[in-house]
Amino acid sequence: MNAKEILVVGFAALYFPCMGQNLLVSIIQKDSLRTKYKEVFEHPAKYHLQIIYTQVNHDKNNRVVLKKYLLEPPTTKYYYPASLVKLPLAALALEKINELKIDSLSKDTRLCIDSSHKCEMKEYYDTTSVSGYPSVSQYIKRMLLVSDNSAYTRIYEFLTPEYINKHLGEMGYVNATVNQRFKAGCDSTDNRYTNGFIFLNKDSSVIYNQPAACYNDEIKNHATHTIIGKGFQDGNKLLPPKNFDHNNYIPFEDENEVLLSIIYTHAVSPAKRFNLTEEDYAFLKKYMGMLPRESTHPTYDTNTYHDNFKKYIYFGTTANIDDTTIRSYNIVGRAYGFLADCTYIKDSKTGTEFFLSVLIYVNKKNILNTNDYQYDALGLPFMSDIGHAIYNYELKRKKKKK
């Protein structure tokens, strides 16, 4: 296991290669996790393993000081981020509304969605909302509560791939590429086209009309080793391995950085801060930390959407969370055998807090699109155990200032 420490004070980042074993390695060994998951830790490349643990401290002026530990060095080797891209897009959607600076236009404004291309769909109503109409805020709620793919697709279309990739690049996420809907049957050409959006007042008068668009720039991502697996299952046919060079991609450390910027805005460089209001940040945090059963609009069936439906770290094997004083403010990804969770854990009773991001590939046969993955047998127990190990360490860790 490689190790690296990163100290972040304010918005200055210093990188220190760790001499010998770093703290993260020590915690893993102390909790016998290295023995329990020997195969994973001895073959991190095979499992695409990435673990980023960030301590939260406060100096004498109550300024946040973050100290980051990486189990493996940062890499641009491809992994499928799946729903991880929903977090930066949720923030960008709120940012875009702020930048438009149009009176009466907010995240809660009613909208109508048109269609002008074969992969697009009209939408005028949303039965999950209080008003019965779609809105940016309702789509974000659905994305953050249960990782709703259709809601993500609407946010992708509202933002457009041109806006997304331009703004992520300007924020320093130069290797991030978001260029696809989550909608079956849409190819890379279809995903260049985005619907028209019309925002309406309560009297149905138009506040803002965003026309349909087409993105003509290169849409290949910036990852390396984009061919994944030994094959790709397509019905009864086994195809050659899939090349993901035209799929979404965000380096895992960048995704972790997005999370840090939302929870502790001033602990990242100004360039990496979203242009959001305090209300925007509170809105994101609320629905990142909420359980599906705690939501009223939208409402979810608890038989389908258990408490840990999108809470993998710490809660991965706990369907019913009894102690809600421990909250996970997170985003997850789950597809093709890739399992990821980037979370900020906060215990309101003890004051314990930390960030933990974990990525693991649990596809034993290494054939994609089979649904034969080891999420329950390996992935979720691994994330739960890592979460508990870090929490137990943090619970006992002495801090200069609480």
Side-chain angles (χ1 to χ4, degrees), residues 44-45 47-52 70 72 74-93 140 143-144 146-153 155-156 159 161 164-165 167-169 171-184 186 188 191 219-229 232 241-262 272 284 288 310-313 330-344 355-363 368-369 373 375 379-380 382-383:
Y47 288 91
H48 290 259
L49 185 64
Q50 292 285 318
I51 302 178
I52 306 172
L70 285 75
E72 298 294 325
T75 178
T76 57
K77 180 182 177 183
Y78 190 81
Y79 74 98
Y80 188 65
S83 294
L84 290 181
V85 298
K86 291 170 181 171
L87 184 58
L89 264 64
L92 284 176
I140 292 175
M143 286 163 58
L144 297 181
V146 297
S147 200
D148 189 307
N149 285 343
S150 62
Y152 159 81
T153 290
I155 293 297
Y156 171 88
L159 288 170
I164 296 166
N165 294 299
H167 278 67
L168 288 177
M171 294 177 73
Y173 302 120
V174 294
N175 289 318
T177 303
V178 180
N179 55 21
Q180 66 177 121
R181 293 174 171 86
F182 290 160
K183 187 173 185 293
C186 299
S188 58
N191 288 327
I219 57 172
K220 285 183 67 175
N221 61 51
H222 303 286
T224 60
H225 303 90
T226 55
I227 297 175
I228 303 294
F232 189 89
K242 179 176 172 62
N243 191 337
F244 285 85
D245 63 348
H246 282 77
N247 288 82
N248 290 343
Y249 173 68
I250 181 168
F252 195 58
E253 192 174 7
D254 285 358
E255 182 71 24
N256 181 75
E257 198 76 6
V258 169
L259 176 65
L260 296 180
S261 76
I262 290 173
K272 289 191 174 181
L284 290 174
M288 287 169 66
K310 60 173 289 291
K311 307 294 182 188
Y312 302 162
I313 290 174
N330 73 321
I331 195 72
V332 299
R334 176 172 173 152
Y336 296 126
F338 288 99
L339 194 68
D341 190 353
C342 297
T343 185
Y344 166 67
F355 292 88
L356 184 60
S357 296
V358 180
L359 168 68
I360 187 171
Y361 180 62
V362 286
N363 186 350
L368 276 64
N369 208 38
Y373 312 123
Y375 295 134
L380 292 172
F382 180 83
M383 290 200 172

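- Separating the CG atom in L284 from the CG atom in L87 is a distance of 7.0 Å, to the nearest 0.5 Å.
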Test M171 against V258 for side chain to side chain contact (heavy atoms under 4.5 Å, CB included), laying out the working first.
-> CA-CA 10 Å; M171 294 177 73; V258 169; over 6 Å; no
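- Every residue two or more places apart in sequence or in another chain that forms a ring pair (Phe, Tyr, Trp, His ring centres under 6.0 Å) with Y78 is listed here: F244, Y249.
- Across every non-hydrogen atom of F252 and A340, the tightest pair is CE1-CB, 4.1 Å.
- Of all heavy-atom pairs between I140 and A93, the closest is CD1-CB, 4.3 Å.
- A distance of 4.5 Å separates CG in N248 from OH in Y152, rounded to the nearest 0.5 Å.
- Here E257 contributes atom CD and C342 contributes atom SG; the two are 11.0 Å apart, rounded to the nearest 0.5 Å.
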Verdict with reasoning, L159 to H167, per side chain to side chain contact (heavy atoms under 4.5 Å, CB included) | CA-CA 10 Å; L159 288 170; H167 278 67; over 6 Å; no
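- By the side chain to side chain contact (heavy atoms under 4.5 Å, CB included) test, A335 pairs with Y80, A82, sequence neighbours left out.
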Side chain to side chain contact (heavy atoms under 4.5 Å, CB included) between H48 and N363: does it pass, once the steps are laid out?
-> CA-CA 11 Å; H48 290 259; N363 186 350; over 6 Å; no
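- Between L380 and R334, some side-chain heavy-atom pair lies under the 4.5 Å cut-off.
- Atom-to-atom distance recorded for M143:CE and K310:NZ is 10.0 Å, nearest 0.5 angstrom.
- Of all non-hydrogen atoms in N179 and N191, the two that sit nearest each other are O-CB, 3.2 Å.
- Not less than 6.0 angstrom separates the ring centroid of Y336 from the ring centroid of F338.
- Of all the heavy atoms in L368 and Y373, the pair that sits closest is C-OH, 3.8 Å.
- Just one of V332, N256, V358, N330 meets the side chain to side chain contact (heavy atoms under 4.5 Å, CB included) condition when paired with T343; it is N330.
- At a threshold of 4.5 Å between non-hydrogen side-chain atoms, the residues I331 and L144 count as touching.
- Scored by the side-chain hydrogen bond (donor to acceptor under 3.5 Å, both in side chains) test, N247 finds Q180 as partners (sequence neighbours excluded).
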Determine, step by step, whether V362 and Y375 satisfy the side chain to side chain contact (heavy atoms under 4.5 Å, CB included) criterion, reporting the C-alpha distance in whole Å, the side-chain angles of both residues, the deciding distance to 0.1 Å, and the verdict.
-> CA-CA 6 Å; V362 286; Y375 295 134; 3.7 Å; yes
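- Here the closest heavy-atom approach between residue I250 and residue Y79 is recorded as O-OH, 2.6 Å.
- Side-chain contact between N369 and K242: absent, with no pair of heavy atoms (C-beta onward) separated by less than 4.5 Å.
- Partners of K220 according to the side chain to side chain contact (heavy atoms under 4.5 Å, CB included) rule, which considers only residues two or more places apart in sequence or in another chain, are E218, D245, H246.
- Residues K272 and L260 fail the side-chain proximity criterion, which asks for heavy atoms closer than 4.5 Å.
- Remark: S83 engages K86, S147, N149, F182 in a side chain to side chain contact (heavy atoms under 4.5 Å, CB included) (not counting sequence neighbours).
- Looking only at side-chain heavy atoms (C-beta outward), I219 and P161 stay at 4.5 Å or farther from each other.
- When all heavy atoms of H222 and T76 are compared, the pair lying nearest together is O-CB, 4.5 Å.
- A heavy-atom distance below 4.5 Å is found between the side chains of N165 and T177.
- Between the SG atom in C186 and the CZ atom in R181 there is a gap of 5.5 Å [rounded to 0.5 Å].
- Not a single salt bridge (charged side-chain N to carboxylate O under 4.0 Å, His left out) links D254 to another residue, sequence neighbours left out.
- Here the CG-CG distance, from L49 to L359, works out to 7.5 Å after rounding to the nearest 0.5 Å.
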